[in-house]
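Reading through the structure tokens given below for one structure.
In the text below, chain A, chain B and the rest are named by the order of the sequence lines, each starting its count at 1.
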Amino acid sequence: MQYWLMKTEPDECSIDDFAKTPAAVIRWDGVRNYQARNFMQEMHIGDEVFIYHSSCAKIGVAGLVRVVRAAYPDPTQFDSASTYFDSKSQPDKPRWVAVDLQYIRRFTEVIPLAAIKTMPAFTDHPLVAKGNRLSVVPISSEQREALNQRANRHKEDDV
DNA sequence: GCCAACGTTGGC
DNA sequence: GCCAACGTTGGC
């Protein structure tokens with residue numbers, strides 16, 4: 001099992017969109033960056049994906065979802081009506097891929113970027129690097145542990 | 001294959 | 001809204 005983190009602007013797709021229909025399978029499409037695409041192609045069914053909210057009021061990791069379908073051609077690249085349309089993509093040779101995701105859990109509180117920056121496990125992670133623009137990044141098991149611990153801390157505080 | 005110009009991302 | 005950092009494009 002591998003772990004990943006994917007960025008999204010919550011206006012477009014947030015952890016709440018997953019949470020409101022937990023059984024729903026949501027297609028993660030529209031990724032138009034080669035490095036991010038390459039990571040998506042490495043994803044396997046069952047992998048866990050941390051959902052990161054960017055460019056919003058509460059920047060940080062908001063919850064967890066699971067890969068339920070590995071990479072397949074992103075249909076939006078062929079759709080001329082889509083903002084993600086790519087005229088250079090041919091159906092027999094697609095450039096971009098999508099994966100399908102399903103809800104696991106929503107964190108009680110978003111783990112703020114500022115908190116992630118203080119985690120030793122994330123010292124050299126691209127997520128906390130200045131100017132980082134990668135929307136899909138791998139997460140180590142140590143980093144996963146650090147995020148889950150932080151997420152559960154809030155839960156225990158509530159009790 | 002280089003590199004300047006441009007568009008986009010994303011934190012603040 | 002600002003601006004730094006980055007990826008992509010296109011002329012040469």
Out of C:dG7, C:dT9, C:dT8, which has the shortest distance to the side chain of A:Q35?
C:dG7
Specify the separation, in whole Å, of atom CG of A:N132 and atom P of C:dG7.
9 Å
CZ of A:R37 versus P of C:dT8: gap in Å, rounded?
10 Å
Listed nucleotide nearest any side-chain atom of A:Y34, set C:dT8, B:dG10, C:dT9:
C:dT8
Without hydrogens or angle criteria, can the side chains of A:R66 and A:Y103 be said to hold a donor-acceptor pair below 3.5 Å?
no
Can you tell me how far C1' of B:dC12 sits from NZ of A:K58, to the nearest Å?
18 Å
Within this structure, what is the CG-to-C1' distance between A:L113 and B:dG10, rounded to whole angstrom?
10 Å
With A:M40 as reference, evaluate A:V31, A:N33, A:V67 under the side-chain contact (heavy atoms from CB on, under 4.5 Å) test and give the passing residue.
A:V31
Taking all non-hydrogen atoms of both residues into account, name the closest pair between A:W4 and A:D47 and its distance.
NE1-OD2, 2.9 Å
At how many degrees, to 10°, do the end axes of the helix from B:dG1-C:dC12 to B:dC12-C:dG1 meet when each uses five pairs?
10°
Do A:H53 and A:E9 get their side chains close enough for a donor-acceptor pair, meaning under 3.5 Å?
no
Just the rounded figure in Å: distance from C1' of C:dG7 to CZ of A:F39.
15 Å
As a test of reading the structure: which of C:dT9, B:dC12, B:dG10 is closest to the side chain of A:K88, going by heavy atoms?
C:dT9
To the nearest 0.5 Å, what is the distance between CD1 (A:I51) and CG (A:L64)?
8.5 Å
Salt bridge check, A:R27 against A:D29: does any charged N sit closer than 4.0 Å to a carboxylate O?
yes
Under 4.0 Å: is that the gap between some side-chain N or O of A:K7 and OP1 or OP2 of B:dG10?
yes
Could you tell me how far apart A:D86 (CG) and B:dT8 (P) are, to the nearest whole angstrom?
14 Å
Please write out the pairs of protein N or O atoms and N or O atoms of nucleotides 1-6 of chain B separated by less than 3.5 Å, giving the distance to one decimal.
none

Closest to side chain of A:N33, choosing from C:dG7, B:dG10, B:dG11
C:dG7
Geometric cation-pi criterion, A:R69 with A:Y72: 6.0 Å, 45°:
yes
Counting the benzene-type ring for Trp, do A:Y34 and A:W96 have ring centres under 6.0 Å apart?
yes
Side chains of A:R106 and A:S14: do they bring a donor and an acceptor to under 3.5 Å?
no
Using a 4.0 Å heavy-atom cut-off across all strands, classify A:S55 as base, sugar-phosphate, or nothing.
base
A:Y52 side-chain N/O to B:dT9 phosphate OP1/OP2 under 4.0 Å
no
